[in-house]
Amino acid sequence: MSNQSIQNDHEKAYMSLTKGLKELDFRGPYVPSDLLLIGDHAFPLAMNSKGQVLMAASLYGCGRIVALGHEAYLTAFPALVENALIWLRGDGSSNPTVAVHKNVKALSDNLSKSTFQVEVVGSFSRNLQSGVYVTDVYNVGADPKDLVDFLKEGGGVLIAGQAWSWAADHPKENTLHHFDGNKVSGVAGIYFSKNPGEVEHLPVYPQIPASWMAVTLGKDFEDDLQFLLHGVSELAIPKGSVSSEVLVHGPLAFPIATTGGGQAFLAGAYYGQGRVIVTGHEGVLSAEENASFWKNAFHWLDEGRRGVIGVAVKHGIKIAKDSGLKTENTGFRKDLSVFVSPSNPNEDWKEIQNFVAEGGGLVIGGHVWWWAQTHGELNTFTDFGGNKIINQMGLSLLKSTINAGSHKVPDPSQALKDTYHFRHLLHRFAKHVTLNEKLSKQEEEFMKKLGNDCSVYLNMKAYDCCHYSQVVATLTDILKKSGMPQVSEKCPVKSPKDHVLLKVGTEVYKHCPDPDALLPYLIKDNPLLPVVYNHRVKLDVNTAEREEWISTGLYLAPGMKTFVAIPAEIINKKWQIQIGCQTDGLNAAELKRAPHVHVRFPVISEMTQVWNLWGGLIYLVAPPKTEAQGLEVVVQMAVPAPYYKSGVTTNTDWSLLRSAPSPWAELEFDNIILTVPSDAVRELENPDELAAFWNDIMKAIADLAAKPHKFPRKERFVADIQISHGWMHAGYPVMAHKGSAEALINVKNAKTKGMWGAIHELGHNQQRGCWEFPSHTTEATCNLWSVYVHENVFGINRDKAHPAMSLEKRNERTRDYIKEGRQLSKWSVWTALETYIQLQEKFGWDTLKKVFAAYHKMDKFPKGNPEKMNVYAETFSKAVGMNLTGFFKAWGWPIEQATEQKLSSLPAWTDHPMV
């Protein structure tokens with residue numbers, strides 16, 4: 001379902017409620033309450049220029065509710081009230097009766113000409129025959145639960161009034177929970193707040209109104225934190241536990257325990273008439289050092305009812321008993337006062353939500369990170385059971401983690417200022433951008449986290465939730481006001497503000513209702529490139545154990561949309577379409593491009609629309625273990641790219657293709673694909689020569705690894721403006737800086753100067769855990785391929801292949817290693833490589849190949865380095881028919897007596913270089 005179609009449900013309700021209205025004039029003697037909205041279903045009908053909500057509507061259970069910020073509005077806006085009554089009656093209901101509380105019977109005069117029959121009543125009764133009940137906030141009945149049940153079962157409630165005068169008379173009471181009207185409307189996520197609303201003459205907007213000023217907190221939580229943290233100085237994630245982070249994003253949610261970097265592992269919230277506390281690991285719940293906190297917490301959740309705490313979390317029963325309240329080991333029951341739930345409960349999440357909305361207390365204890373790791377194809381926000389319950393309470397468990405440790409609790413009076421809170425900081429950032437308000441030093445330090453959390457929050461895709469829409473609207477407004485920094489090599493992004501704008505621009509473009517209208521604010525220089533139409537791409541696929549990108553030779557410009565027609569046999573088979581070759585996520589203080597610039601779309605229909613804010617080459621991503629011949633996809637419209645494929649593209653084809661307009665080019669050879677900026681290939685006249693050269697390199701890499709020349713999956717190289725770490729790094733694809741592009745495609749240069757770095761990374765991709773000893777050999781054994789390829793393909797001797805490989809440097813390193821006592825802690829990189837080079841110089845490359853081949857035949861391997869080193873010593877010794885244990889021991893390897901015993905019948909290597 002698209003974001004637009006989900007939003008339509010609330011937009012449709014809004015259209016019904018504002019039908020025929022052009023304006024609402026609130027100016028007059030009445031001072032309304034600012035209405036606070038939470039949850040997925042509450043939405044504003046009227047919002048002033050300060051972002052205050054003066055009228056709102058919501059759903060609860062099967063029923064509907066409309067709330068007006070002052071009782072006088074029941075008669076001041078007759079057309080709106082009539083629309084409200086029609087909507088509250090429900091679709092298809094023919095019941096014309098409206099029950100009106102006697103205190104607001106003036107409303108009945110306005111309805112005398114309507115289709116409604118008014119019944120004035122002294123109080124709400126379950127025996128009423130009407131489907132709609134109208135009351136002010138001061139007369140919700142002796143037991144508001146009756147009216148809540150009426151709403152839940154399908155009734156309509158129109159409620160009006162203000163709470164600021166009550167709040168002034170009850171300064172020590174919690175308006176959100178104790179004000180009578182909120183005992184009904186709060187259940188549906190609408191609260192009459194103690195803040196007076198400013199009155200204006202407002203237009204009726206065509207869509208649900210939104211404003212960045214509405215993205216604010218509904219409470220300061222000082223009194224809650226004072227209660228919860230009484231007698232508590234630190235809160236801990238106990239030793240041995242790794243907590244999920246809790247994102248605190250709702251207007252009535254607040255962090256309780258955070259790390260110095262602002263990550264919360266314990267947080268609370270108000271929801272309806274109830275309360276909730278969420279922790280990112282069940283260990284936080286049962287840890288003895290947190291006992292004082294939980295004693296307070298259970299009383300905060302119980303709210304003086306002294307009811308039963310039901311515990312469904314292992315190890316949670318003791319801490320609950322310590323609260324002095326009655327405790328039972330049980331699953332969820334409606335008659336509980338507080339329910340302690342695991343993070344992924346089996347119970348009906350809607351029932352638990354309603355339990356809290358109607359006044360229950362809830363504890364969710366547990367992490368999501370393991371679930372996220374084992375359910376990679378699912379969305380942690382929307383598919384994880386605990387998040388289905390707590391998302392609309394303003395809290396969410398994230399897959400990001402926090403390690404064990406103790407953290408000082410905040411000062412309740414300073415918590416809002418000193419502690420990270422997503423919504424508060426977003427409001428402050430909006431003020432910073434739109435009104436030039438200066439951020440505090442602490443707020444600036446939290447900016448990077450804000451950018452990350454905006455990205456995470458938007459992936460909730462809660463398009464039907466008013467608050468989600470408010471955040472999207474806020475970020476859209478911010479981007480339209482400031483524009484997105486036009487990041488490039490010449491114009492890097494450095495400031496905290498620009499970091500946030502760059503991070504969120506990409507995500508808002510994906511999730512806002514009208515991305516095309518936002519695009520000019522995000523990408524300023526977006527030239528029109530020539531396109532081809534209905535381009536056919538033929539695919540023959542035979543993937544091994546891992547997914548594979550299949551090049552199409554096509555490019556999408558930034559923001560450009562196209563449709564891809566997909567053959568029926570690969571729909572819903574885990575295929576994806578990827579736009580963009582730069583899959584490296586950046587986390588740097590200075591950015592030369594946006595942190596994330598590729599997107600993927602699942603192949604789930606015959607026509608898939610694709611786009612990417614940043615543009616990019618178009619790929620089909622084939623899942624592992626997939627075989628299909630003669631497939632054809634059709635790309636409706638795209639920009640042609642310089643794309644060469646060995647055995648397919650002729651020199652004549654290439655003479656035209658190399659000038660294709662895409663800024664990215666691809667050269668696909670037998671076992672490797674090079675993706676480089678197109679400028680690097682414009683002058684490439686003979687790609688066949690380059691293909692033959694790379695085919696020789698890849699054969700050599702396969703030879704040394706003792707593998708077949710045909711790779712199960714072609715390697716990939718991408719030369720990018722900026723990468724996540726190093727000058728290059730291994731993976732699929734190998735990522736390199738764009739300065740490397742020239743070296744990758746210049747045969748003459750490679751044969752004279754070499755190509756150490758590129759082969760080093762391809763060597764990394766050949767490393768295997770069974771004969772690797774991390775971290776000692778991580779940056780060492782990969783260089784065996786560099787030495788081999790330089791000598792056997794480029795004709796460059798090892799001592800000239802890299803400055804560190806000169807004989808002088810090698811001898812110096814070995815002498816230093818011996819002098820320092822042959823300590824394995826210092827055996828790494830070039831020093832570790834020397835061990836293997838000495839073996840190669842004595843026994844030859846063929847022996848190394850023989851050793852690698854022996855490992856291919858093994859199926860059981862030890863896990864620890866010492867055990868693996870003994871296996872390696874034994875395997876190499878057997879390959880050469882000599883006992884090499886003396887040599888390995890001379891390098892400081894932990895050779896066991898049992899290994900020496902096994903090899904004792906072989907002649908010893910006594911004249912090795914380490915003697």
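Between the side chain of Thr626 and the backbone N or O of Thr543 there is no donor-acceptor pair closer than 3.5 Å. Judged by distance alone, with hydrogens and angles left aside, the side-chain atoms of Gln722 form a donor-acceptor pair with the main-chain N or O of Glu590 at under 3.5 Å. No donor-acceptor pair closer than 3.5 Å links the side chain of Asn746 to the backbone N or O of Glu742. Using modelled atom types, one side-chain atom of Ser678 and one backbone atom of Pro663 make a donor-acceptor pair closer than 3.5 Å. Checked by atom type and distance alone, the side chain of Ser343 pairs as donor or acceptor with a backbone atom of His367 at under 3.5 Å. Asp696 places no side-chain N or O within donor-acceptor distance of the main-chain N or O of Val793, the cut-off being under 3.5 Å.
When side chains are defined from C-beta on, Arg546 counts as touching Arg713, because their heavy atoms get closer than 4.5 Å. Here the side chains of Glu779 and His764 are in contact, with some heavy-atom distance below 4.5 Å. Side-chain contact check for His856 versus Arg768: some heavy-atom pair is nearer than 4.5 Å.
Put simply, the residue from Phe773, Phe887, Phe876 that forms a ring-ring contact (aromatic ring centres under 6.0 Å, His included) with Trp893 is Phe773.
Within a 6.0 Å radius of CH2 in Trp370, no more than 12 heavy atoms belonging to other residues, nucleotides or ligands are found. At most 12 non-hydrogen atoms from other residues, nucleotides or ligands lie less than 6.0 angstrom from CD of Gln897. Annotation: Lys714, atom NZ; neighbour count of heavy atoms from other residues, nucleotides and ligands within 6.0 Å is above 12. The local environment of CD in Gln901 is sparse, with at most 12 non-hydrogen atoms from other residues, nucleotides or ligands closer than 6.0 Å. The number of heavy atoms from other shown groups lying within 6.0 Å of NZ (Lys849) is above 12.
A donor and an acceptor atom, one from each side chain of Asn783 and Trp756, are located under 3.5 Å apart. Checking Arg600 against Gln578 by side-chain atom types alone, a donor-acceptor pair falls below 3.5 Å. Under the 3.5 Å distance criterion, with hydrogens and angles disregarded, a donor-acceptor pair is assigned to the side chains of Asn870 and Thr899.
With ring centers used as reference points, Tyr732 lies under 6.0 Å from Trp549. The aromatic ring centres of Trp575 and Tyr619 sit 6.0 Å or more apart. When ring centroids are compared, Tyr788 and Trp845 come within the 6.0 Å threshold. Remark: aromatic rings of Tyr872 and Trp771 are distant, center separation not under 6.0 Å.
Taking CD from Glu715 and CD1 from Ile701, the interatomic distance works out to 7.5 Å, rounded to the nearest 0.5 Å.
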